[in-house]
Amino acid sequence: MHGTFNYVNPATIHYGAGSAFCLDEVLAAASIHRVHIVTTQSLTKTKSYRRLLEESSRLGEATTSIVSSHVPIETVLSSARDIRRSSAQAVVAIGGGSAADAAKLAAHGASFTRLDQGISLDDFGTLLKNEPELDSLPVYIVPTTLSAAELYGDAGYTDSSTGHKTGVHNSSMTPRAVFYDPEVAAETPRQLWVSTGVRAIDHAVEATLSYETNPISRTLAASAVKDLLTVLPRTVAGTDDADDRLAGFMGAWKSFTAPPEAAGGISHALSRMIGAKNGIAHGVTSGVVLPQVIRYLHAHDEQARIRLNELASVAGCGDSGLALAEAVEELVRGVGLPAFFSANQICAGIAAEAARKAAQETGTSMQVASAIMAQCIR
């Protein structure tokens, strides 16, 4: 065995109850006085958000951009311009994956002086693929879901006119620090917390199945599945507490120490294609697609079957990887989310396009992608 492991997660991760309320001290130590917040409308109404602003002079005086799910590119452009106008020294994202992705993209986009002039959305999208013109502002993230978007210098935006999702990767977008605080996540809706937890399980399963994943990340991925399948049922039952939410954060972190592999398989590709095109949250699409990917690979790929069986055993699900699919579907149904896409929701044309693009992106055969997609629709 041989290989190379490069640590690509943020250099600093703070965790524990109350950790997010130390953000002001962290910013002060970095001589950062002016910040720009990127968040969602729903977060601004929570008690924890208001408390963060009340207890931090820097956050309390910050300018703010409000973003929406799937990160429309026009929102990224608007946020980048807001950042340039604010003369901020750092960007703070508070929220789930959309806030994290928008903050990373906007901080990167704000490094380009062309934003001071007129620029089309297409040209801005092209600009985002370049190295930063000026030094990119550091990004600090306070997550409120288990999306793991805070753990990598990668983000995606959506073309609102076509529903096409475009990914951007630049190491300069890797957040400076992350704050996993169960107190801030206390008001996250149960359905959202569980669905993003399923997304984290999706990361862990794909990291386990990839031939490129290093042994440390594969071991952590197995631990992540065990953690998440332990605490998420308590969320479903409404009996979870701060320790369970922190364990969920730890599970999401452990699921994503090898991001290219953890987000590079057929499950993620199909979920992205369907989600962005149809306005369905990534956690919801994972809840539909992942169980069918597990079932298909368990039946048709011997090496995948061995790894899935081992993963199920470590996670405490039994000896068969098929139990993982059943555990995910039980979580999904427990919070009232669909286990399948309806034929009215995802027509044959959309399904075929998603399978074709996912196959191209991952190097999977069209036959396999189409077969999995077909099992996702009832």
Side-chain angles (χ1 to χ4, degrees), residues 38 40 65 67-81 96-109 112 114-115 119-130 147-149 152-170 173 195-196 199 202-203 206 259-260 262-290 293 341-342 344-364 366 368-370 372-374 376-377:
V38 176
T40 58
S65 293
V67 299
S68 55
S69 60
H70 292 294
V71 194
I73 188 171
E74 55 267 29
T75 301
V76 177
L77 176 57
S78 175
S79 298
R81 283 178 166 150
S98 294
D101 273 12
K104 290 183 289 184
L105 289 166
H108 177 54
F112 298 101
R114 277 197 61 189
L115 265 67
I119 184 171
S120 69
L121 293 177
D122 286 343
D123 287 345
F124 180 58
T126 300
L127 210 58
L128 289 174
K129 298 176 183 177
N130 297 332
S147 72
Y152 193 40
D154 190 73
Y157 66 82
T158 301
D159 182 332
S160 299
S161 63
T162 64
H164 178 69
K165 191 74 174 276
T166 298
V168 176
H169 174 73
N170 196 295
M173 296 199 306
S195 66
T196 55
R199 185 68 166 176
D202 200 353
H203 292 148
E206 298 235 277
I266 188 63
S267 180
H268 274 66
L270 286 171
S271 292
R272 278 196 299 269
M273 303 304 172
I274 291 294
K277 186 74 174 179
N278 297 277
I280 306 172
H282 291 316
V284 176
T285 56
S286 284
V288 173
V289 176
L290 176 60
V293 168
F341 302 124
S342 72
N344 291 332
Q345 184 182 34
I346 309 296
C347 68
I350 291 176
E353 180 185 16
R356 178 180 61 79
K357 289 183 176 179
Q360 291 176 345
E361 183 178 303
T362 62
T364 303
M366 182 64 181
V368 170
S370 297
I372 293 170
M373 193 69 246
C376 295
I377 302 172

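Computed from a predicted structure; not experimentally measured.
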Q: Run the numbers on S68 and T40 for side-chain contact (heavy atoms from CB on, under 4.5 Å), then give the verdict.
A: CA-CA 6 Å; S68 55; T40 58; over 6 Å; no
**Q.** Minimal non-hydrogen separation, L128 against V168, with atom names
**A.** O-CG1, 3.3 Å
Q.
If you define the side chain from C-beta out and look only at heavy atoms, does anything of L77 sit under 4.5 Å from L115?
A. yes
Q) Are the side chains of M273 and K165 in touch, meaning some heavy atoms are under 4.5 Å apart? A) no
Q: Identify the heavy atoms of E206 and A262 that sit nearest to each other, and give their distance.
A: CB-O, 3.6 Å
Q: Starting at CG of L105, measure out to NE2 of H108 and round the result to the nearest 0.5 Å.
A: 8.0 Å
Q. If you round to the nearest 0.5 Å, how far is CZ of F341 from CD1 of I280?
A. 5.0 Å
Q) What are the two closest non-hydrogen atoms of T166 and K129, and how far apart are they? A) CG2-CE, 4.5 Å
Q. Do R114 and D123 come close enough that some side-chain heavy atom pair is under 4.5 Å?
A. yes
(Q) How close do A149 and G97 get, counting heavy atoms only, and between which atoms? (A) CB-CA, 3.8 Å
Q: Kindly say whether V71 contributes a backbone atom to a donor-acceptor pair with the side chain of T75 at under 3.5 angstrom?
A: no
**Q.** Chi angles and distances behind the ring pair (Phe, Tyr, Trp, His ring centres under 6.0 Å) call for H268, H203
**A.** CA-CA 8 Å; H268 274 66; H203 292 148; 4.8 Å; yes
Q: Enter the distance from T364:OG1 to I372:CD1 here, rounded to the nearest 0.5 Å.
A: 7.0 Å
Q | Rounded distance [0.5 Å steps], CD1 in I350 versus CD1 in I377 | A | 9.0 Å
Q.
Working note: S147 + R199, criterion side-chain hydrogen bond (donor to acceptor under 3.5 Å, both in side chains); need CA distance, chi angles, decisive distance, verdict.
A. CA-CA 6 Å; S147 72; R199 185 68 166 176; over 6 Å; no
**Q.** Main-chain N/O of L121 paired with E74 side-chain donor or acceptor, under 3.5 Å
**A.** no
Q | Closest heavy-atom pair and its distance - A359, I266 | A | N-CD1, 4.5 Å
Q. Of the non-hydrogen atoms in G109 and F124, which two are nearest, and what is the gap between them?
A. CA-CE1, 4.1 Å
Q) Hey, what do you get for NE2 (H282) to CD1 (I274), rounding to the nearest 0.5 Å? A) 12.0 Å
Q: Scan for salt bridge (charged side-chain N to carboxylate O under 4.0 Å, His left out) pairs involving residues 266-283, sequence neighbours excluded, and state none if there are none.
A: R272-E361
Q. Would you find a donor on one side and an acceptor on the other, under 3.5 Å apart, between the side chain of D101 and the backbone of G156?
A. yes
Q. How would you list, by chain and number, every residue that makes a ring-ring contact (aromatic ring centres under 6.0 Å, His included) with H169, sequence neighbours excluded?
A. Y152
(Q) Just so I know, are the side chains of F112 and N130 near enough to count as touching, which here means a heavy-atom distance under 4.5 Å? (A) yes
**Q.** Euclidean distance, I119 CD1 relative to L127 CG, rounded to 0.5 Å
**A.** 5.0 Å
Q. Between S120 and D122, is a side-chain hydrogen bond (donor to acceptor under 3.5 Å, both in side chains) present by the stated rule, with each step listed?
A. CA-CA 5 Å; S120 69; D122 286 343; 5.4 Å; no
Q. Can you find a heavy atom in the side chain of P72 that is under 4.5 Å from one in the side chain of T158?
A. no
